[in-house]
Amino acid sequence: MPRTDIIVIGASAGGIDAIRTILGGLPEDFPGSLLVVVHTSPDSPGVLDVIFNSAGALPAVTARDGERIAPGHVYVAPPDHHLLIEPGRMCLTRGPKENRFRPAVDPLFRSAAQTYGPRVAGIILSGGLDDGTSGLRTVKQMGGTAIVQDPREAWAPSMPQSALQHVRADHVLPVGEIAALLVRLAAGADDVAEGGGVVPEEVKIEVEIAKANKATEAGVLKLGDPSIYACPECHGVLLEMKDHAPLRFRCHTGHGYTIESLASEMDDMIEDALWSAIRALEERAMLMRRTGDDRYLPRAEDAQRRAALVRQALFDPEPAKTASGG
């Protein structure tokens with residue numbers, strides 16, 4: 001069995017406890033290196049290294065740009081930075097968000113697969129939506145090992161379910177059994193060459209985009225054809241990427257979305273727009289009443305009625321759905 005000693009882990013909601021369980025099962029002399037992305041907000045205090053450092057025998061630290069990758073260590077992506085892998089070292093960037101997050105799971109997995117090929121094991125744990133699916137597929141494509149937490153035990157099963165729907169996983173396990181598997185994988189033969197053959201051009205392009213290189217110069221326009229949709233982040237035209245499942249999009253500045261993350265972002269934009277409409281209509285009603293002139297009361301009542309309709313659509317969409325035949 002070939003040596004698999006570059007372990008990349010992606011998680012979101014419910015993933016911290018899962019990672020702690022894995023780290024708690026690894027021995028002090030574990031020869032692999034673990035690199036971890038957990039979805040965090042940009043203003044997060046960045047204490048995941050402290051949380052993971054107390055989980056087991058391996059030292060956990062926040063990754064630093066240019067730092068060498070050492071065996072037996074756990075490296076955690078800091079808030080608001082993608083964590084990427086280059087030969088022998090880590091790279092931190094503030095490249096475009098992917099699937100609404102920075103750090104995102106897919107850039108870490110793609111860069112690891114590009115650099116270390118069959119030496120990589122990619123692990124998808126509990127989380128919402130589907131970040132990590134594309135990256136895990138790249139890990140498999142480059143000869144690595146795909147590991148997915150059993151969705152039936154995941155606190156948020158969407159990320160594992162998406163991975164299993166689109167990637168032929170090598171192992172689907174309860175989180176309590178993953179550490180033992182990693183020990184076996186890392187104990188394999190040492191004569192494994194880095195890289196897993198020819199790296200697809202699209203993988204190279206997406207890694208370069210995550211490195212904060214100009215997307216157009218990296219070749220983003222080769223990834224797909226213009227769609228009718230606008231990027232929620234920068235409002236540029238989204239390219240619909242070729243031959244991808246799940247369906248994915250990138251804009252010319254580099255922001256990336258799966259269909260699920262794009263729909264989720266659109267839902268947030270719709271809610272913001274509805275709240276803005278409610279505010280504007282209620283302010284209009286208050287302005288009309290402020291005059292104290294009865295002639296303005298019908299206009300105030302009309303604005304208030306329209307605000308109530310928008311509020312109903314926001315809080316109770318089902319009646320509108322039924323009325324439209326949905």
Side-chain angles (χ1 to χ4, degrees), residues 12-15 38-46 79-80 94-104 126-131 155-159 161-162 215 220 224-241 246-326:
S12 188
V38 178
H39 291 160
T40 53
S41 65
D43 56 355
S44 167
D80 205 30
R94 296 194 72 250
K97 292 179 183 178
E98 187 158 349
N99 300 321
R100 309 179 73 196
F101 284 98
R102 185 176 55 226
S126 175
L129 298 180
D130 53 4
D131 188 26
W155 188 85
S158 296
M159 277 176 55
Q161 286 173 341
S162 175
V220 68
D225 300 316
S227 72
I228 62 173
Y229 312 111
C231 173
E233 189 79 15
C234 68
H235 310 297
V237 173
L238 284 170
L239 303 172
E240 183 174 323
M241 296 184 64
L247 186 61
R248 293 203 295 130
F249 300 87
R250 279 223 185 248
C251 70
H252 64 83
T253 59
H255 300 110
Y257 297 91
T258 63
I259 188 170
E260 288 290 342
S261 62
L262 181 59
S264 182
E265 187 75 14
M266 287 179 172
D267 286 343
D268 287 349
M269 293 173 62
I270 291 168
E271 181 171 341
D272 289 345
L274 291 173
W275 279 115
S276 294
I278 291 169
R279 175 196 53 77
L281 288 165
E282 290 184 343
E283 284 180 358
R284 178 177 172 79
M286 288 186 287
L287 177 64
M288 294 299 99
R289 292 193 181 98
R290 176 69 179 81
T291 65
D293 190 330
D294 289 346
R295 291 177 301 171
Y296 290 97
L297 286 180
R299 292 163 70 177
E301 291 169 357
D302 179 66
Q304 198 67 58
R305 178 185 59 82
R306 292 161 65 189
L309 288 173
V310 177
R311 189 179 292 272
Q312 181 183 9
L314 182 63
F315 288 108
D316 186 15
E318 290 305 317
K321 218 167 148 187
T322 303
S324 65

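In what follows, every heavy atom counts, from backbone to side chain, and hydrogens, waters and symmetry copies are set aside.
A 4.5 Å side-chain heavy-atom check between C234 and H255 finds at least one atom pair inside the cut-off. Under the 4.5 Å side-chain criterion, counting only non-hydrogen atoms from C-beta, R289 is in contact with Q304. C231 places none of its side-chain heavy atoms less than 4.5 Å from the side chain of V237. Side-chain contact between P246 and D130 is present, with at least one heavy-atom pair separated by less than 4.5 Å. Looking at heavy atoms from C-beta onward, D43 lies out of side-chain contact with P79 at the 4.5 angstrom threshold. Annotation: side chain of L247 is in contact with side chain of E240 (closest heavy-atom distance under 4.5 Å).
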Test log, rule side chain to side chain contact (heavy atoms under 4.5 Å, CB included), inputs M159 and S12: CA-CA 8 Å; M159 277 176 55; S12 188; 3.8 Å; yes
Output, in order, the C-alpha distance, side-chain angles, deciding distance and verdict of side chain to side chain contact (heavy atoms under 4.5 Å, CB included) for L239 and H252. CA-CA 8 Å; L239 303 172; H252 64 83; 5.8 Å; no
Can L297 and M288 be said to form a side chain to side chain contact (heavy atoms under 4.5 Å, CB included), step by step? CA-CA 7 Å; L297 286 180; M288 294 299 99; over 6 Å; no
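Atom OH of Y257 sits about 13.5 Å away from atom CZ of R248, to the nearest 0.5 Å. To the nearest 0.5 angstrom, S264 atom OG is 12.0 Å from M269 atom CE. Taking OG of S261 as the start and CZ of F249 as the end, the distance is 9.5 Å to the nearest 0.5 Å.
When all heavy atoms are compared, the tightest approach of T40 to P103 is OG1-CD, 3.8 Å. Of all non-hydrogen atoms in A307 and I278, the two that sit nearest each other are O-CG1, 4.1 Å. Considering all non-hydrogen atoms of both residues, L281 and R306 come closest at CD1-C, 3.7 Å. Smallest separation of non-hydrogen atoms from A156 and G128: CB-N, 4.1 Å.
Here D267 pairs with nothing under the salt bridge (Lys or Arg N to Asp or Glu O under 4.0 Å) rule; sequence neighbours left out. With sequence neighbours left out, the salt bridge (Lys or Arg N to Asp or Glu O under 4.0 Å) criterion links D268 to R100.
The number of heavy-atom neighbours closer than 6.0 Å to CD1 of I259, taken from other residues, nucleotides and ligands shown, is 12 or below.
Of the possible donor and acceptor atoms, one in the side chain of N99 sits under 3.5 Å from a partner among the backbone N and O of T258. Under a 3.5 Å cut-off, the side chain of S162 and the backbone N or O of S158 do not form any donor-acceptor pair. In this structure, R102 contributes its side chain and G95 its backbone to a donor-acceptor pair below 3.5 Å.
Among residue pairs with one or both ends in residues 277-286, those qualifying as side chain to side chain donor-acceptor pair (under 3.5 Å) are R279-E283, E282-R311; sequence neighbours excluded.
We find that D302 and R299 are not joined by a salt bridge, their nearest charged nitrogen and carboxylate oxygen being 4.0 Å or further apart.
Taking the six-membered ring for Trp and thresholds of 30 and 60 degrees, H39 and F101 have nearly parallel ring planes, at less than 30 degrees apart.
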